[in-house]
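First the structure, in the form of structure tokens, and then the observations on it.
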Amino acid sequence: MTAVLSRATPVAEAPAQHFEVRPFDAPVGAEIVGLDIAEPINAADFQRIHRAHLDHHVLVFRDQRITPAQHIDFSRRFGPLEIHVLHQFQLKNHPEILIVSNIKENGEPIGLGDAGVYWHSDISYKPNPSLGSLLHAQELPSEGGDTLFADQHLAWEALSPELQQRILPLKAEHSYLAKYEELRAKNPWRPKLSQAQIDQVAPAVQPVVRTHPETGRKALFVSEHFTTRIVGLTQGESDALLAELFAHSTRAEFVYRHTWAPHDLVFWDNRSLMHLAAGTPDHLRRRLNRTTIVGDTPF
């Protein structure tokens, strides 16, 4: 039975929680079993979680029966939170949470139903892309709905030395608008962006290869969803190189496929990974809550 703490009890003095970090039999990822995020997490336990996140890049916290406020509080332990440009899909009274869902109520979508249909790293289109994102399962379909994660450190390391040398100094433009109208054409419920929203997502230029600020490891940092061109190359040269990198970066040997279980909270490192939503049959309901942690300027 978990000890009850007063609100005044410092988190550093909270009782230790006994949990396991179990690496997956996959190129990336581990599950955390036995931790209750609804309870205070002391500094030593938090440091262990942080280390596991750096080592495995995607953590699956099992059976987390947490409120939106607890989801937000845990996320904030890692840094300030992003408010997504699509304010239409914020959780009421919790703007830090983006609803990811294909559910419609009264004919209107309650969340972003086509999130993640292209490989990407979250918020790469801003000068300070996301450190990481935390997605909490609320309602899961009986089939489909998997999420794929591709390790971009492994992708970089698997490139030929010649291609590594070629791309290391290059920069690329990332734009939130790159495929927005294409997605709206397929899903008319996707809101038309206001000028104020467009102003929030001006394109950003990022290194094609980024260095993880905490581990020092290099990773590819281009995606089919947001990367529009490589700076300094002709359009033809840029398109050809990006196509080669896109195909390489999501090879099966770099990918973990996550099949969701009820109350999973999945925390991935956007500095190390790209992810993709595998899709859900239209007639099955899926809903998840997402927080996104603001990162720093890539280098």
Side-chain angles (χ1 to χ4, degrees), residues 68-69 71-72 75-76 78-136 138 147 171-207 210 221-231 242 268 270-271 273-277 279-280 286-298:
H71 180 175
I72 290 167
S75 304
R76 281 205 177 112
F78 297 89
L81 301 186
E82 186 86 35
I83 305 299
H84 197 276
V85 66
L86 291 181
H87 58 79
Q88 295 92 334
F89 299 137
Q90 292 170 2
L91 182 63
K92 186 177 180 181
N93 299 323
H94 297 288
E96 302 90 346
I97 288 180
L98 175 74
I99 301 171
V100 175
S101 180
N102 65 350
I103 298 170
K104 294 183 176 65
E105 293 179 354
N106 302 316
E108 296 294 327
I110 65 168
L112 187 58
D114 58 359
V117 296
Y118 298 104
W119 283 103
H120 69 289
S121 174
D122 288 332
I123 325 292
S124 71
Y125 48 83
K126 285 194 173 183
N128 292 337
S130 167
L131 179 157
S133 302
L134 296 96
L135 195 58
H136 187 220
Q138 305 292 306
T147 305
K171 296 185 180 298
E173 183 182 80
H174 293 235
S175 173
Y176 181 68
L177 303 181
K179 294 190 182 294
Y180 196 88
E181 289 307 317
E182 180 181 323
L183 289 169
R184 282 195 74 221
K186 295 176 183 176
N187 303 292
W189 52 262
R190 213 180 224 264
K192 180 176 175 60
L193 297 175
S194 68
Q195 188 57 52
Q197 286 174 306
I198 292 171
D199 292 344
Q200 290 180 47
V201 291
V205 173
Q206 311 286 14
R210 72 174 298 176
F221 195 55
V222 292
S223 76
E224 62 176 352
H225 194 163
F226 298 130
T227 308
T228 55
R229 65 185 178 90
I230 294 179
V231 176
L242 285 175
W268 64 89
N270 281 302
R271 305 163 297 185
L273 305 175
M274 289 198 297
H275 60 283
L276 175 76
T280 302
R286 181 177 187 261
R287 175 178 172 158
L288 306 99
N289 287 347
R290 192 188 90 179
T291 52
T292 305
I293 305 157
V294 177
D296 48 21
T297 304

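The residues of the chain are indexed from 1 along the displayed sequence.
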Results of salt bridge (Lys or Arg N to Asp or Glu O under 4.0 Å) for Glu96 - residues two or more places apart only: Arg76
So how far is it from His71 NE2 to Thr291 OG1, rounded to the nearest 0.5 Å? 3.0 Å
Residue pairs passing the ring-ring contact (aromatic ring centres under 6.0 Å, His included) test with at least one member in residues 93-125, sequence neighbours excluded, are Tyr118-His225, His120-His225, His120-Phe226, His120-His275, Tyr125-Tyr176, Tyr125-Phe226
For Gln206, what residues pass the side chain to side chain donor-acceptor pair (under 3.5 Å) criterion, not counting sequence neighbours? none
List the residues meeting side-chain contact (heavy atoms from CB on, under 4.5 Å) with Arg229, not counting sequence neighbours, and say none if there are none. Glu173, Val231, Ser238
Using the side chain to side chain donor-acceptor pair (under 3.5 Å) criterion, which residues pair with Asn270? Sequence neighbours excluded. Ser130, Ser133, Trp268
Could you tell me which residues satisfy side chain to side chain donor-acceptor pair (under 3.5 Å) with Ser223, sequence neighbours excluded, listed by chain and number? none
Pro95: what forms a side-chain contact (heavy atoms from CB on, under 4.5 Å) with it, not counting sequence neighbours? Ile83, Gln90
Pro191 meets the side-chain contact (heavy atoms from CB on, under 4.5 Å) criterion, sequence neighbours left out, with Leu86, Gln88, Phe89, Tyr180
Working note: Leu134 + Ile293, criterion side-chain contact (heavy atoms from CB on, under 4.5 Å); need CA distance, chi angles, decisive distance, verdict. CA-CA 8 Å; Leu134 296 96; Ile293 305 157; 3.6 Å; yes
Quick one: side chain to side chain donor-acceptor pair (under 3.5 Å) partners of Arg287, sequence neighbours excluded? none
Between Thr292 and Leu98, is any pair of side-chain heavy atoms under 4.5 Å apart? no
All salt bridge (Lys or Arg N to Asp or Glu O under 4.0 Å) counterparts of Arg290, not counting sequence neighbours: Asp122
Going from CG on Leu131 to CD1 on Ile123, what distance comes out if it is rounded to the nearest 0.5 angstrom? 12.0 Å
Within the side chain of Asn289, is there an N or O that forms a donor-acceptor pair under 3.5 Å with the backbone of Ile99? no
Salt bridge (Lys or Arg N to Asp or Glu O under 4.0 Å) partners for Lys126, two or more places apart: Glu82
Qualifying salt bridge (charged side-chain N to carboxylate O under 4.0 Å, His left out) pairs, either residue in residues 98-116, two or more places apart: Asp114-Arg190
